[in-house]
A.B. asks: 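Here it is: the structure, laid out below.
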Protein chains: 4
Amino acid sequence: MRRCKAEVERTRQRLLDAAEQVFSDRGYAVARLEDIADVAGLTRGSIYWHYDGKPELLEAVIDRAWFPWDQLPAEQTEAQPLPGIPQMASVLGQGIQQTLTEPHLRRSASILLQGHELRHVSERVQARLQGMQKRIRRYVALVIEQAGAGRLAFGERDARARAVGVFMFGALSEALLLGLPGEQYPIGREVERFILALLLPGMEGG
Amino acid sequence: MRRCKAEVERTRQRLLDAAEQVFSDRGYAVARLEDIADVAGLTRGSIYWHYDGKPELLEAVIDRAWFPWDQLPAEQTEAQPLPGIPQMASVLGQGIQQTLTEPHLRRSASILLQGHELRHVSERVQARLQGMQKRIRRYVALVIEQAGAGRLAFGERDARARAVGVFMFGALSEALLLGLPGEQYPIGREVERFILALLLPGMEGG
Amino acid sequence: MRRCKAEVERTRQRLLDAAEQVFSDRGYAVARLEDIADVAGLTRGSIYWHYDGKPELLEAVIDRAWFPWDQLPAEQTEAQPLPGIPQMASVLGQGIQQTLTEPHLRRSASILLQGHELRHVSERVQARLQGMQKRIRRYVALVIEQAGAGRLAFGERDARARAVGVFMFGALSEALLLGLPGEQYPIGREVERFILALLLPGMEGG
Amino acid sequence: MRRCKAEVERTRQRLLDAAEQVFSDRGYAVARLEDIADVAGLTRGSIYWHYDGKPELLEAVIDRAWFPWDQLPAEQTEAQPLPGIPQMASVLGQGIQQTLTEPHLRRSASILLQGHELRHVSERVQARLQGMQKRIRRYVALVIEQAGAGRLAFGERDARARAVGVFMFGALSEALLLGLPGEQYPIGREVERFILALLLPGMEGG
DNA sequence: GATGAATGAGTCTTCATTCAT
DNA sequence: GATGAATGAAGACTCATTCAT
């Protein structure tokens, strides 16, 4: 019965897909390993060959999920020059849109936002959320800095970067909690517009 | 032991307080009725005298919770004239701040934001969130309308009202999910500033 | 609030009626005191003023129930001469018919036949059944004795009396277990006919 | 621990045996799954691997139970010629005796006769009883028909068949409800004698 | 006499987890 | 690698019973 490594890997991915789906649909606490196994076409018992238990399965799901903003540069580099504010707004807006539209991303986001009750399961959830927030803020701050260098009062730059992060968080949370379908509503466009509305006035007017 | 009506009412409130706390601390699914009973100083069984079960207890908690924005006027009336944008920004900012600071409000908010998994328990959760969002948007739209009547492009007013709602949602979600303590961070002030930055430019400049 | 004795007695009867009904409908073990209280128009708590608990309520119901054959003479007396076999057959048949038709009797019988599981609740149930059986047998034996004195082999008389008892038991059990309505089927007449068929041949032919 | 198929089947039988015993001893409503598990040498939880719950366990017990009269021919066939009345009486009498003596049969019968309260659990109980009654009656009617063809008034044949059924029902019920031990009392012999007394006179005398 | 709030023991049921095969 | 039987702990819910009013 020994299968090649690729085969095993495929099974693990099927398992993660299933877990992702069930965790996001029913919520981690209510999700049953049997449901996950069913979706994956396996049995409860076999989950334990691949993962140590339910919490570890959750962590694996979380660790596998990569969001558009996870690749945002944290620093100005020669290889990857920073965009201007309009382009950044577009990138972030599209990130939101994609996250809400692409099933895997949407499910992963839904799991991460499942509330601080997951704290008791894995502190990695909160760490992941914090990391995402920090990354977005840092990126926005960098772009703002470059766009309007020197013209912003001390602290103002960070406040605006934070505002962008909060707004994105809100767009995501709202859509997921209220079940707004990503395909129909141009949430990404809204995000883009309001980043522009928020950042451009203070920049251009300088 | 039968007590006078007031005593019974106090017991129910104690029960709701306890449920609020335990539901928000551990999450609804993980919360044990025994914990709630313990916190309320009662026994598991007596919960069933007052409520039909765990879901009904959740609904009672949700129905009891009133947030600052639940009282926002949905229409312009003579008795209650609409404020200007700065005052509105202040009101909404303080609402966020109060919600994150006052324990009861914070817990209630935490429960409502516990993710769409609560859908399977009570559809009232989502209805409540939607209602809150609508109320805030309507209010903001009214104030914008009054402040800059006629000067906004069609649809622009609602878009901005929506943006305010999304931002507030984000501020709340972020603080609750990441466990930011309301007392230390001036989140309300940030909300206020964001609203001003978003709404004033388009108004005054008109 | 003090009511006269008659009033109290009426309440107790209402309670016993309710208990009789609920015990026979749902079965003793499944019957809830709340159901009984509801039917009686009282509350759970007040049952305890009249009876010590559920088992005692059952006993009270059993003790109140009187079946037609409970009055059968256990001995030949001058005041109450024994009937002939045909008249006895008629009496017993009518007893069965009445028990299956009259609601109170039917319910009581249903409770008594609820199986030996009631042993664990009150040994009075089995004692009652045994008593009924003995009484019927003794009576039948007396009547047989008188009708065909001397002509029956030793032991034969008791065997036939026992057979009559068993047949009546069967008619009752069958009707109650299978839910045959007393009003529509002439079960009593059947009992009568087969007592005749069983007893007359051996008597007359002698 | 997974064992071979035969082992699993043995476990199921052990479970059914245990359920049979506990259901008949304490009564279905009062029987605890824990007791059943204990008797079977398993744990409460494992019952749910094999059956969906308590009611389904009851049904499985009922469906497994086969009484002597379940094999009685429902029709005259060449392969299986009908017996005469004396032989039939002997067969039925022995059936009763065996049912009261053999532990499995006695327990199964005890469960079926546990009263119509089981209606609320599974309508299969009543259906089973009715089926048994019908089968016995049909068989007796066939034998009577063959023994005294043409000499019985219309309807008389069925009435006597019914009487036999009722008597058997009574013998069974009485023994079970009053706890008469099958080994000591010749109840089967009594049934046989009753049947003869009831059927032979009308046949031979014709 | 009656009520209804409160108790606490009892039981079903679920489900993560283990492990022989 | 995978299966499915079995475990055991945990939790929701029921209900007889108590008791202050």
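The model shown is predicted, which means the values in this text are computed figures rather than measured ones. Atom set for the values below is all heavy atoms of this structure, side chains included, hydrogens, waters and symmetry mates excluded.
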A.B. asks: Roughly, in whole Å, what's the span from CZ in C/Arg14 to C1' in E/dG1?
C.D. replies: 12 Å
A.B. asks: My understanding is that only residues two or more places apart in sequence, or in another chain, count here; which of them pass ring-ring contact (aromatic ring centres under 6.0 Å, His included) with A/Phe67?
C.D. replies: A/Trp69
A.B. asks: Output yes when D/Asp38 and D/Arg32 qualify as a salt bridge under the 4.0 Å nitrogen-oxygen rule, no when they do not.
C.D. replies: no
A.B. asks: Please name all residues satisfying salt bridge (charged side-chain N to carboxylate O under 4.0 Å, His left out) with B/Arg107, sequence neighbours left out, ordered by chain then number.
C.D. replies: none
A.B. asks: Using the six-membered ring of D/Trp66, assess whether NZ or CZ of D/Arg128 lies under 6.0 Å from its centre and within 45 degrees of the ring axis.
C.D. replies: yes
A.B. asks: Would you write out the dot-bracket form of DNA chain F, 5' to 3', with Watson-Crick and G-U pairs under 3.5 Å, [ ] for crossing pairs, | for pairs to other strands and . for unpaired bases?
C.D. replies: .||||||||||||||||||||
A.B. asks: Considering just the side-chain nitrogens and oxygens of B/Thr11, establish if one lies under 4.0 Å of OP1 or OP2 belonging to E/dA6.
C.D. replies: yes
A.B. asks: Any N or O donor-acceptor pair linking the side chain of B/Arg44 to the base of E/dG10 at under 3.5 Å?
C.D. replies: yes
A.B. asks: Check for me whether C/Lys54 meets the cation-pi criterion with C/Tyr28, that is, NZ or CZ under 6.0 Å from the six-membered ring centre and within 45 degrees of the ring axis.
C.D. replies: yes
A.B. asks: Strictly below 4.0 Å, heavy-atom distances to any atom of DNA chain F: list the hits from residues 46-54 of chain C, or just say none.
C.D. replies: C/Tyr48, C/Gly53, C/Lys54
A.B. asks: Locate the shortest heavy-atom distance separating D/Leu16 from D/Ala60; write the atom from each residue and the value.
C.D. replies: CD2-CB, 3.7 Å
A.B. asks: Using every non-hydrogen atom in the two residues, find where A/Glu117 and B/Val30 come nearest and quote the distance to one decimal.
C.D. replies: OE1-CG2, 4.3 Å
A.B. asks: Between A/Gln21 (side chain only) and A/Ile36 (backbone N and O only), is there a donor and an acceptor less than 3.5 Å apart?
C.D. replies: no
A.B. asks: Could you check how far CG of D/Leu57 sits from C1' of E/dT11, rounded to whole Å?
C.D. replies: 15 Å
A.B. asks: Tell me: CD of B/Glu56 to C1' of F/dA12, nearest whole Å?
C.D. replies: 12 Å
A.B. asks: Of the residues in residues 24-37 of chain A, which ones touch DNA chain F at a heavy-atom distance under 4.0 Å?
C.D. replies: none
A.B. asks: Provide, to the nearest angstrom, the distance between the CZ atom belonging to A/Arg12 and the C1' atom belonging to F/dA2.
C.D. replies: 15 Å
A.B. asks: Check this for me, if you would: do B/Arg64 and B/Asp17 make a salt bridge, where the nitrogen-to-carboxylate-oxygen distance has to be below 4.0 angstrom?
C.D. replies: yes
A.B. asks: Minimum heavy-atom separation for B/Ala37 to B/Thr43, with atom names?
C.D. replies: CB-C, 3.5 Å
A.B. asks: Rounding to an integer number of Å, can you tell me how far B/Leu15 CG sits from E/dT7 P?
C.D. replies: 11 Å
A.B. asks: Name the closest nucleotide to the B/Thr43 side chain, picking from F/dA5, E/dG8, F/dG1.
C.D. replies: E/dG8
A.B. asks: D/Glu9 has an atom CD; how far is it from atom C1' of F/dG4, in whole Å?
C.D. replies: 16 Å
A.B. asks: Taking only residues two or more places apart in sequence, or in another chain, which ones meet D/Leu176 in a side-chain contact (heavy atoms from CB on, under 4.5 Å)?
C.D. replies: D/Leu100, D/Arg106, D/Ala109, D/Ser110, D/Leu113, D/Leu172
